[in-house]
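Right, one structure below, let's go through it.
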Protein chains: 2
Amino acid sequence: MSEVYASRRKRLRDRCNAGGSTAALISRPANVRYLAGAAPKAAVLLLGRREEEDVLVCPGPPEDRPGEGRPDEQLRTHALPHAGGDPAVAAADILTAEGGDSLAVEEHHLTVARHRALRSVAPRLRLADLASAVEQLRVVKDEEEISCLRVGAEIADQALGELLESILVGRTERHLALELERRLVDHGADGPAFPTSVATGPNSGRPGHRPTDRRVEEGDFLSVCLGATYRGYRCEIGRTFVIGTSPADWQIELYDLVFAAQRAGRESLAPGAAYRDVDRAARQLLDSAGYAAGLPALTGHGVGLEIDEDPQLTPAAMGKLDACVPVTVEPGVHLPGRGGVRIDDTLVVRPEADGGPELLTITTKELLAL
Amino acid sequence: MSEVYASRRKRLRDRCNAGGSTAALISRPANVRYLAGAAPKAAVLLLGRREEEDVLVCPGPPEDRPGEGRPDEQLRTHALPHAGGDPAVAAADILTAEGGDSLAVEEHHLTVARHRALRSVAPRLRLADLASAVEQLRVVKDEEEISCLRVGAEIADQALGELLESILVGRTERHLALELERRLVDHGADGPAFPTSVATGPNSGRPGHRPTDRRVEEGDFLSVCLGATYRGYRCEIGRTFVIGTSPADWQIELYDLVFAAQRAGRESLAPGAAYRDVDRAARQLLDSAGYAAGLPALTGHGVGLEIDEDPQLTPAAMGKLDACVPVTVEPGVHLPGRGGVRIDDTLVVRPEADGGPELLTITTKELLAL
């Protein structure tokens with residue numbers, strides 16, 4: 001694995017050196033993990049002008065924490081001697097001692113106070129903005145990363161499948177969510193990829209609904225959204241079911257509509273497809289059915305070391321999909337007071353020659369009556 | 001409740017106005033919640049020069065999310081018309097439109113990129129640093145806040161008590177942690193206050209240990225640290241047990257030592273006591289027993305809307321305790337390869353006339369053999 005991290009750092013170094021040789025300070029935890037194999041709490045990565053200068057600066061000795069990855073063994077580690085210091089400041093010290101004179105920082109992550117501390121400890125260091133260079137490297141995944149997502153999706157499918165076999169009526173949203181999270185861990189997840197959402201009756205279909213003490217009732221829509229973290233990689237699946245034997249007409253109608261919208265979104269995934277076109281594919285059926293006003297800002301997003309990564313599939317997004325980019329497709333409709341439907345898959349963009357988009361979350365999308 | 005939030009905002013306003021009339025932008029979520037009653041995701045609070053100018057700026061319509069509080073009804077709310085905008089930038093716009101010319105921001109929370117966006121949208125606004133003014137207001141709690149902590153501590157005591165009645169040998173750290181978290185929610189917690197730590201055998205006594213798949217064995221130390229969030233307030237309890245009928249001599253010895261250190265820390269809590277003296281009280285017995293080198297940087301900390309707040313009880317901390325400050329006292333010793341002991345309580349500092357420190361976490365601290 002070590003070469004993977006070194007080669008990621010090399011790609012970033014090439015980018016930094018393209019605009020004049022400069023060192024970079026990576027502080028955002030998912031970016032540190034991507035480049036160093038692990039992100040011990042508050043650790044930062046100093047990317048030097050040459051590989052030998054790279055160093056992971058930790059507030060204390062890095063601990064071995066399964067699920068959080070292991071630091072690349074080829075990478076130098078520096079542990080602060082005193083607890084309470086800022087590893088970013090220590091990294092600036094190291095760079096200055098080694099003769100560095102410019103440093104690109106993640107201005108979208110570093111606070112104003114830390115930035116000022118850097119300036120004050122190393123006044124001669126020119127500070128620049130690394131912007132989202134590491135996030136951009138992270139968009140396209142390698143097969144190792146995709147296989148972590150695939151395992152995570154299998155785990156989420158298993159947890160969801162088991163829940164569907166149990167009795168649901170009378171149980172609260174909170175209990176169902178906790179049970180799903182326990183099952184994720186039972187099946188080998190590091191943990192849930194994000195707080196599990198279980199929404200019943202009038203809550204169903206609300207994006208990001210936090211589980212309440214409402215109990216599942218006959219006739220409810222039940223929408224569930226969960227994901228597993230596996231070796232740091234986070235996936236997402238969302239399904240909506242009806243409780244009882246016969247869904248009402250409005251339920252069937254709404255479900256069919258969202259299902260068709262979600263399928264259109266999935267089918268539009270291809271290398272070269274514009275983000276906004278994928279969004280439009282998923283959105284336009286819902287728009288023309290009269291639901292334009294209540295729709296969420298996005299119909300999908302990238303996943304990886306974070307659950308919400310680039311790209312963002314929105315009407316205004318700029319950019320095009322590449323092969324090997326995992327994204328969610330998750331349109332939904334929520335009717336205030338009545339409930340609604342969300343259907344959410346994680347897929348990997350693949351060229352048509354390879355069979356088109358690879359569906360990672362394979363739980364059925366038929367409307368099940370439970 | 002509404003007057004509570006208005007009076008907190010007034011105290012902050014008085015502070016801001018003391019150094020020349022200025023508005024303030026509060027972005028750190030726990031600070032927003034403290035002053036506005038709720039912190040919808042990404043919302044910021046603009047504190048005007050007069051109460052009528054205060055406004056909670058949210059990225060979208062604030063949702064009713066139990067457990068996350070309700071926005072103060074007296075407080076004006078402004079929802080951004082377009083998703084994806086930065087509420088901090090919108091707040092600067094509002095202030096400028098109302099004739100404001102200076103704004104104190106939380107430089108320890110705001111990123112460099114957001115700070116720059118503020119400067120660019122409102123170039124004539126003088127930006128200053130609010131520093132940790134709100135965090136300082138939050139240190140001393142009112143009785144309403146303390147009663148939330150008290151309920152949270154009761155919930156944690158219940159969850160822990162139930163676990164102790166079950167069979168432990170053969171179960172993994174991860175399962176025990178998940179079961180504790182489920183029980184917290186069963187008993188009415190919003191959720192865990194922080195990731196529950198369960199550490200067995202050689203892992204026992206490690207501060208912040210993340211649960212692994214190691215199973216509980218006869219003869220192990222078992223250390224558990226958990227807490228409940230109740231109406232946003234977070235408490236903490238930690239206990240260490242032995243598994244089996246007869247603890248080994250080294251286990252009894254180590255336990256007695258940590259117990260004595262923790263008691264010394266608890267007994268030193270009083271209004272006017274220096275933070276560092278409380279730390280020393282808890283630390284010195286462990287130091288003189290030869291464990292100085294391996295001790296964590298702090299022996300306790302404040303709790304409230306966040307699990308780790310001011311004050312920090314460390315050897316170098318400046319400042320003195322006030323009445324009505326809730327803190328943890330949590331010394332511990334971990335012997336690499338063998339395990340260790342941590343004992344952790346949440347207490348509220350009270351004057352001696354009121355009976356001295358109020359212990360919120362009342363689970364026994366006898367060495368139980370389970």
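Quick caveat: nothing in here was measured; it's all calculated off a predicted structure. In what follows, every chain begins at residue 1, and chains take the letters A, B, ... in the order their sequences are listed.
Put simply, the residue from A/Arg183, A/Arg182, A/Glu179 that forms a side chain to side chain contact (heavy atoms under 4.5 Å, CB included) with B/Leu178 is A/Arg182.
Using a 4.5 Å cut-off between heavy atoms, B/Asp129 contacts chain A through its side chain alone, with no backbone atom that close.
By a heavy-atom distance cut of under 4.5 Å, B/Glu107, B/His108, B/His109, B/Leu110, B/Thr111, B/Val112, B/Ala113, B/His115, B/Arg116 are the residues of residues 105-116 of chain B near chain A, going up by number.
When the side-chain contact (heavy atoms from CB on, under 4.5 Å) test is applied to A/Ala42, the partners found at least two apart in sequence or on another chain are A/Pro59.
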